[in-house]
Amino acid sequence: MVKREQIQMDIVFVGAGPANLAAALHLKNLIRKHNEEVEAGIKKSEKIEDVEIAIVEKGSSVGAHILSGAVMNPKALKELMPDFLEQGCPIDTEVKSDAFWYLTEKMKFESPITPPPLRNHGYYIVSLSRICEWLAEKCEQAGINIFPEFPATEILYDKNDAVIGVRIGEKGIGKDGKPKANYEPGVDLLAKVTVLGEGPRGSLAKQLISRLGLDKDREPAVYSLGIKELWEVPAGSFKEGHVVHTLGFPSDSQTYGGGWIYGMKNNIVSIGYVTGLDYLDPMIDPHAEFQKFKTHPAISRILQGGKLIKYGAKTINAGGWHTMPQLYADGVLLVGDTASFLNSQRLKGIHTAMKSGMLAAETILEALIKNDFSSNVLRHYERKVNNSWLYDELHPVRNFHGAFQRGRWSALINAGLQFLSGGFAWGFIDRESHQAGHERMLKLDQVKNGNKRYEDLKFDKKLTFDKLTNVYYGSVAHNEDQPPHLHILDPEICATRCVEEYGNPCERFCPAAVYEMEFNQKTGRKELKINFTNCVHCKTCDIIDPYQIINWVTPEGGGGPNYKGM
Ligand code: SF4
């Protein structure tokens, strides 16, 4: 029996992303203001003393696992810190111009006006990883404890299923599953409120939602995968502060997909492509879609003579309002991408994540004042969300992604009508048949020409790169002597049914070449090999595997990509 240390905190935030960092800092500010008002006699209440707040982060440091496009709407940050620029917020550049391109295989059509949802005036192009590092410094200055290399592996419950904290993963387990000389058991962090802000498809949120049925009567969560590269391009290739969004090539009209190019300082360009993880054809490879996107003449012209600097991949909650789980339970709140707060029409989630965290902080303050951490008080978080600008922004676009499950053209007509009507779906989507992405994937015998999708795509290592080369640019590192953090619940399916039915799509949907079907001499068949050290923690496999037999869990603390500066 492993003896674990228990550490009593008051509030524990899981994940040092924008939602939780904003939440923790806002909570500290609210407590200080509350105490000042009590002292001054403005508020009739007790002072709240000695609140211990911790943020745990699985990455080697804050920002290491943070990836985003990223054009930031500063609305929430202005509320958190009106003088954020004076306080040194590391924005890269202000957005100066926008464009929207429709791409066919060889042609580019620039829209004479940028559709209103894709206008970015007043926003900033940022490295979200840097913004998080900066917010973490502010948190630490305010007395918040931040623990990097602390992967939360399990939720702790009391006998009534109230959340009472999280268990941190142990260190020093060898690949044989046995403790090594450096073994350290993980601690149990106990808390009055635990806030899950783990990003999309949080591994703890997945456990919690399933155990407490928090997705009852909600539509299934739907995700996209964004793949991004940073390039240094020759001066004059792309204007600093210019933002382009694209639709069309290379995705087919049944697949949700689109690209971006953002001009940053010092001739750095952020370029990426998003593929909906509710695609039909099992032969689709989101990484290859992105590489193909770069071969379009309008894109390759920008990158010509440039060099790749960094690579990363991250999933995005694309489902929106209808797919949000219940946001609270006894002792726990869900924030940010974990709770599907992204605006999928605008492809913006930083400001909505931060605002959700700030509203969670306001709810926690109420709970601290009442000394009640049950759903009786924590349910007020949902009311606060419904009464805030989050509702005003997200509810009108509630049907945006759902419409894409009927194909691009009906979705675009629907998007236009929704814009005029405040979000009504106009019959272009059938809500009753809105499916989770993994349920939509067709079997090989239902797809024509899937194998020909990428026959012209060559990886020349100048413009286009294979997955392994890209992973190198993601600075991914895991200790090899540990059990794989990708749990295959039934490996026999991979070697039998999946070969026939879907052609092992894990080899394609993973953007980091983690999954490989390898011939086994002993059994005389191909079997799944897991190159887990390549994993960039995007969770795509957990989301889209058609049999739902891949369970992503946190590896040993500190492992994973290093997205510093991305
Ligand atoms: Fe993403 Fe899964 Fe591949 Fe890791 S193994 S990079 S989580 S798809």
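Whatever order the structure lists ligands and atoms in, that order sets their numbers, starting from 1.
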Test of understanding: with salt bridge (Lys or Arg N to Asp or Glu O under 4.0 Å), list the residues that count as partners of Lys461, not counting sequence neighbours.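 Checked Lys461 against salt bridge (Lys or Arg N to Asp or Glu O under 4.0 Å); matches are Asp466.
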Atom indices of ligand 1 within 4.0 angstrom of Trp552 heavy atoms, with elements: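 So the answer, numbered in order with elements, is 7 (S).
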Whether Phe509 and Tyr515 hold their rings parallel, tilted or perpendicular, with breakpoints at 30° and 60°: perpendicular
Do the side-chain N and O atoms of Tyr223 and His438 include a donor-acceptor pair separated by under 3.5 angstrom? no
Going by distance alone, is a donor N or O of one side chain under 3.5 Å from an acceptor N or O of the other, for Glu501 and Tyr547?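 Checked: Glu501/Tyr547 side chains pair up, N/O donor to acceptor below 3.5 Å.
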State whether Phe290 and Lys294 meet the cation-pi test: NZ (Lys) or CZ (Arg) under 6.0 Å from the six-membered ring centroid, and within 45° of the perpendicular axis. yes
Please say whether the positively charged group of Arg211, taken as NZ for Lys or CZ for Arg, lies over the ring of Tyr157, i.e. under 6.0 angstrom from the six-membered ring centre and within 45 degrees of the axis.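 Yes, Arg211 lies over the aromatic ring of Tyr157.
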Quick one: give me the number of protein N/O/S atoms under 2.8 Å from atom 3 (Fe) of ligand 1. 1
for atom 7 (S) of ligand 1, nearest protein heavy atom and its distance come out as Lys539 N, 3.1 Å
Would you say the ring centers of Trp552 and His485 fall short of 6.0 Å from each other? yes
